[in-house]
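So that the names make sense, note that chain A is the first sequence line, chain B the second, and so on, each numbered from 1.
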Amino acid sequence: MKYSTFSLLDNDQLKEPMFFGQSVNVARYDQQKYPIFEQLIEKQLSFFWRPEEVDVSQDRSDYRNLPDHEKHIFISNLKYQILLDSIQGRSPNVAFLPLVSLPELETWIETWSFSETIHSRSYTHIIRNIVNDPAVVFDDIMRNQHIIERATDISKYYDDLIQYTLLYTKLGAGTHTVNGKTHQVNLFELKRKLYLCMMSVNVLEAIRFYVSFACSFAFAERRLMEGNAKIIRLIARDEALHLVATQHIINIMQEGKDDPEMAEVARSCHAESIKMFKHAAQQEKEWAKYLFKDGSMIGLNNVILDQYIEYITNHRMRAVGLEPAFEKATHNPIPWINAWTSSDNVQVAPQEVEVSSYLVGQINSEISADDLGDFEL
Amino acid sequence: MKKAIQISTEDLVFQLDPSETLLEGLERTGHQVEYQCRSGYCGSCRVTLHSGRVEYQEQPLAYLQENEILPCCCRPLEPLEVSVGLITKAKKSA
């Protein structure tokens, strides 16, 4: 497996696996092995939005009037969201693109990463508006122990995969000593690293993001920081799509029809995947403690957020074929979060002052004879 | 004229009005069902189907196991049996 930006070997792309086949040459979408990725691209494009479209001016005075412990909750939450999207805006491209072998999946990965960069830019838009010196917020991200701890956990699976891919593509399978360090390199292990990385991305999008959304929407439930909430709604809508994509990729890998060895890889990673979910849930609970260290806010506290973390962890584990980790967490302690994350063609949140976005390019141009069935002259 | 369809859950049996989606029916009757997009792409509302058949006007984007359906966008073709419980019961056990 050698990466080329344009492989000169003529191949039938429909016969390639998702990853580790021949590098993609012609970017063509007239035929697709997995049409789902093309559909996800189209959906993501129809969701396109710009941070500047959202008016966040009211948030400035809202923020000024928050008590100090709520300022801490709001800003810390925002810092965490900045961290998550900083990682997601680049890592899928760097880690997955050299390994992918289907054009529709390759383009999905790029579309996905790009949408994360919009999220990153929207945080700057929010922060510029609420504080005089944005650097105060941004500079602290790299100096805040609580954030850095989790950054390491999220990025290590990406870094592992990227490093191992470099070894494999440069040196091939075998035992290699590089700079005095010995590495056992083989394709099975590389596939394991990819699977675990995909699972870790799934955890990030399935749990970590939603914990942060809960905090953002808890303010908006009280009609505070509503501009921020509108932006987070748009982000949540994108993230739901990204989450579905990683769930598809993971399930296709587990089935083994795409690459039989991947099913074996998935089985060998089963225990570690469960551990990963549990560990993330634990880490999010510790984060909740830090958020509410000086006091909780109306509608959300340490205990409720912990219950939500367990509930959502169960829900997301089931979606990728894992047994739920928390037996007792059977109900959603904050059902109002769904109204905030729901698609905005239905105006379900009564406090919504205006529909925060509109869809572009959503027209379905296909028409069948049945569609005219009720039509009379 | 479309007829109401009978839905059996873990805790009760109700009639689904032709004007409502299965998700709306489950919410109306107090079931513990998650949702987000309400249009088939997020998969949050997925439930296990024990018996009955459904169809989709448009194939949903969310990943579904063979025995799973999306209440937000499926159209029941016959009486269904789904594994969803009431909210009140979920709260008690928590």
- Among the listed options B:Gly43, B:Gly85, B:Ser44, the residue most often paired with chain A at heavy-atom distances under 4.5 Å: B:Ser44

Nearest 0.5 Å, please: how far is [atom2] in [Y] from [atom1] in [X]?
X	Y	atom1	atom2	result
A:Arg318	B:Thr48	CZ	OG1	8.5 Å
A:Lys43	B:Cys37	NZ	SG	7.5 Å
A:Asn251	B:Tyr63	CG	OH	4.0 Å
B:Glu34	A:Thr341	CD	OG1	8.0 Å
A:Arg237	B:Gln36	CZ	CD	11.0 Å
A:Glu255	B:Gln65	CD	CD	7.5 Å

- Message: Using heavy-atom distances under 4.5 Å, tell me whether A:Ala319 contacts chain B through its side chain, its backbone, both, or neither.
- Response: both

- Message: Heavy-atom cut-off 4.5 Å, strictly under: side chain, backbone, both or neither for A:Tyr210 against chain B?
- Response: side chain

- Message: Any non-hydrogen side-chain atom of A:Asn332 less than 4.5 Å from a side-chain atom of B:Gln32?
- Response: yes

Of all heavy-atom pairs between [X] and [Y], which one has the smallest distance, and what is that distance?
X	Y	value
B:Ala62	A:His248	C-NE2, 3.5 Å
B:Leu61	A:Val244	O-CG1, 3.5 Å
B:Tyr41	A:Ala240	CE1-CB, 4.1 Å

Could you check whether atom [atom1] of [X] has more than 12 heavy atoms from other residues, nucleotides or ligands sitting under 6.0 Å from it?
X	atom1	value
A:Lys285	NZ	yes
B:Glu78	CD	yes
A:Glu327	CD	no

